[in-house]
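The structure appears below as structure tokens.
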Amino acid sequence: MSSFFLKVFSSITLIIIYVFNICCMLFSIGSPMFNYPGFSYLGLLSIILFSIIIIISTLKKDQFFFFLPFVILAFPNVINDFFPSFLMGPRTEYRVASFSFITHIDIYLLFGLYLNKNYNHKILENQNFRFLTILTFLLSIFFLLTIVNSKSIESLSLFAIGNYQIRYILLFILFLSTVKLNNSHIRLIIYGLSLSIIFLFIESSIFTISTGRPTLGSGTLAANVFANITAAITIFFLFLKQKTFNLPKIFYYHIRISTIIIGFLILILNGTRMAMFSFFISALVFYIRTSFKVETFFQFFVKMIYYGLFFLIFLTIALQFERFSGAITILIDLFNLNIKLNESTASLFARLHLYKVSLNMTDEHWLLGIGPGRWNYLKYNYDYQNIGTLLVDTLMDPHNDYLSYISQYGLFIGSAMIFFVLLKPALQFLSKPEDSIYFFGLIPFTLLISGITNSNTLKHQIFATVMMIILIMYQKLNKKNVVFFKEE
């Protein structure tokens, strides 16, 4: 299969998926689970902001890459209320929510492909190309078989709102075969990541104050996932090198530092323990992988003292908060096999039960899974009720990235998705952490850790963000002997 054929095949598959989603939307209008949130003043403001971004990107194409991280990660999700949607669970469910048949991310990525329609960047036909080809073929077969095995319009509609991961992968492949990123584009994406963290902090502050929440939360991202992606991007900026990416001093010494401070402040105020854990583990791994690449023992000693003091300060600050200091007690109890159900460990016991639900799904549907978008709706058929009174009849997800893919896509395709989305970019980062492009793999690597207790990439914004990172990394893999930036 040539790269041209892969591009055509991906395009046709994507069109079929969009047509399928439109048909499901039309046929589900009479269903009690069909939903159209409609107009709101906040939604209207988001439409205006989105339109401004489209206009700016049209007038100056490179700005598309500056806004790309912001649109896919931080943009107010309320904009999708203007699209028809479908409930992810029964109406009787507490916190019942709907998801749209198409998202603003679809529109922005399609817009980006239109902007770059005159380019034809050929994918290098190597082992990475072959993997993309196999993955695309498997996902297309999975898509058709899932439709064939569906028994109701509700089941089809749930799959329609849940197939965004497949859509985003196909859009990524089309970008890879169309857009050739240069140094300027990558710098703009870095600037956009900084803007996203700053905007999310402002948005979450307003949301938290207006709703009276005890901890910092975002109206766009789920609380834990909000902290997990913040940890991943904050650690990215912490180890970001100015000379490697030719960053302006004003950005590196002022905006970057501000982004790191804001990111760590989000972690403290949010209180997600796994996010803080992934932050420190990623920092430790980066330190181990890079500290021994020095010319003298003195340089190694200085680097060790520098990193040691820096993270001791971060750790000391975190431990001043009971939410994080209490995690030490939980770890000690786990080590001594003396863990008991209480306020501090309730989320741990809940997660263990959710893992059992996912395993029950996998056991019964090991080949194709239950299908994307259906986990919350079908959880009641897989021993979910035995979780107790705390979380019964509540909107839920698997709370584990790995079980999320396996339970929804089956053992084989689910494993391929885990490898493509998380493992491969993480391993590339570990192989050469100081490489200018592989360094971006630090973000998926950090999510790889926090994905043990949260379904990070089940959230469509996080999945799209990881796809953007993979787009950057595949640009490197797509070239032979090309250095995007000078290495230190």
Side-chain angles (χ1 to χ4, degrees), residues 17 20-21 24 27-28 31 33-34 85-93 95-101 135 138-169 222 350-387 391-422 451 453-460 462-463:
I17 292 175
F20 166 76
N21 282 18
C24 286
F27 283 106
S28 66
S31 170
M33 294 179 65
F34 181 83
S85 61
F86 203 76
L87 295 179
M88 293 183 284
R91 283 192 175 272
T92 56
E93 218 172 42
R95 296 192 312 172
V96 63
S98 60
F99 194 85
S100 56
F101 288 94
L135 180 63
L138 287 176
L139 288 176
S140 62
I141 296 299
F142 171 81
F143 173 76
L144 294 175
L145 290 178
T146 303
I147 293 175
V148 171
N149 289 331
S150 300
K151 299 178 180 180
S152 65
I153 186 61
E154 283 77 17
S155 181
L156 286 169
S157 296
L158 286 168
F159 179 49
I161 64 171
N163 62 32
Y164 56 84
Q165 291 176 328
I166 301 175
R167 302 198 309 264
Y168 293 172
I169 287 177
R351 279 173 167 80
L352 291 175
H353 188 86
L354 292 173
Y355 299 165
K356 182 182 178 182
V357 172
S358 293
L359 290 173
N360 290 341
M361 292 176 176
T362 305
D363 181 56
E364 189 169 329
H365 302 277
W366 61 272
L367 183 59
L368 291 175
I370 60 170
R374 299 170 177 172
W375 194 98
N376 181 69
Y377 184 79
L378 295 177
K379 66 181 185 287
Y380 301 102
N381 300 334
Y382 297 93
D383 204 30
Y384 174 78
Q385 257 79 1
N386 290 335
I387 198 171
L391 298 173
V392 170
D393 297 332
T394 302
L395 178 68
M396 273 289 155
D397 64 50
H399 276 70
N400 180 290
D401 252 335
Y402 311 99
L403 291 176
S404 173
Y405 285 111
I406 296 298
S407 62
Q408 294 184 98
Y409 290 90
L411 286 175
F412 301 109
I413 296 179
S415 297
M417 290 284 283
I418 293 170
F419 177 76
F420 174 64
V421 177
L422 295 170
T453 59
N454 289 283
S455 301
N456 294 320
T457 56
L458 185 61
K459 308 301 183 290
H460 76 114
I462 309 302
F463 188 85

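Numbers here simply count residues along the sequence, with the first being 1.
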Exercise. Can you find a pair of side-chain heavy atoms, one from Phe101 and one from Phe86, that are under 4.5 Å apart?
Worked result: yes
Exercise. Is there a donor in the side chain of Tyr380 and an acceptor in the side chain of Glu93, or the other way round, less than 3.5 Å apart?
Worked result: yes
For this session: Report the distance from atom CZ of Phe20 to atom CD1 of Ile147, rounding to the nearest 0.5 Å.
Result: 4.0 Å
Exercise. Any idea how Phe463 and Tyr405 line up, ring-wise: parallel (<30°), tilted (30 to 60°), or perpendicular (>60°)?
Worked result: tilted
Exercise. Of the non-hydrogen atoms in Ile370 and Leu378, which two are nearest, and what is the gap between them?
Worked result: CB-CD1, 4.0 Å
Exercise. Ser28 side chain to Ser31 main-chain N or O, any donor-acceptor pair under 3.5 Å?
Worked result: no
For this session: Without swapping roles, check the side chain of Asn400 against the backbone of Asn454 for a donor-acceptor pair under 3.5 Å.
Result: no
For this session: Side-chain contact test, heavy atoms from C-beta onward, threshold under 4.5 Å: evaluate it for Leu403 versus Leu359 and give yes or no.
Result: yes
Problem set entry | Test item: Gln165 side-chain N/O and His460 main-chain N/O as donor-acceptor pair under 3.5 Å | no
For this session: Nearest 0.5 Å please: distance from the CD1 atom of Ile406 over to the CG atom of Asp363.
Result: 13.0 Å
Problem set entry | Parallel, tilted or perpendicular: rings of Tyr382 and His365 (30°, 60°) | perpendicular
Exercise. Out of curiosity, Phe143 CZ to Leu138 CG, how far, rounded to the nearest 0.5 Å?
Worked result: 15.0 Å
Seminar exercise, completed: Smallest heavy-atom separation, Pro398 atom then Leu458 atom, equals CD-CD2, 3.7 Å
Problem set entry | Test item: Ser407 and Trp375 side chains (from C-beta on) under 4.5 Å apart, heavy atoms | yes
Problem set entry | Side-chain H-bond candidate by donor/acceptor type, Ser100 with Ser85, under 3.5 Å | no
Seminar exercise, completed: Note: Leu156 and Cys24 closest approach over all heavy atoms is O-SG, 3.8 Å
Problem set entry | Any donor-acceptor N/O pair, Asn376 side chain to Met396 backbone, under 3.5 Å | yes
Problem set entry | Side chains of Met361 and Asn381 in contact at under 4.5 Å (non-hydrogen atoms) | no
Seminar exercise, completed: To the nearest 0.5 Å, atom OG of Ser358 lies from atom CZ of Arg351 at 12.5 Å
Exercise. If we only count heavy atoms from C-beta on, is the Met88 to Val96 side-chain gap below 4.5 Å?
Worked result: no
For this session: List the atom of Ser455, the atom of His399, and the distance in Å for their closest heavy-atom pair.
Result: OG-N, 2.9 Å
For this session: Answer yes or no: is there an ion pair linking Glu154 with Arg374, defined by an N-O contact shorter than 4.0 Å?
Result: no
For this session: Answer yes or no: does atom OH of Tyr355 have more than 12 heavy-atom neighbours from other residues, nucleotides or ligands under 6.0 Å?
Result: yes
For this session: Enter the distance from Ile161:CD1 to Met33:CE here, rounded to the nearest 0.5 Å.
Result: 7.0 Å
Problem set entry | Ring centroid separation Phe142 to Tyr409 under 6.0 Å | yes
Problem set entry | Heavy-atom neighbours of Tyr377 OH exceed 12 at 6.0 Å | no
Problem set entry | Residues Thr457, Asp401; criterion side chain to side chain donor-acceptor pair (under 3.5 Å); working and verdict | CA-CA 7 Å; Thr457 56; Asp401 252 335; 2.8 Å; yes
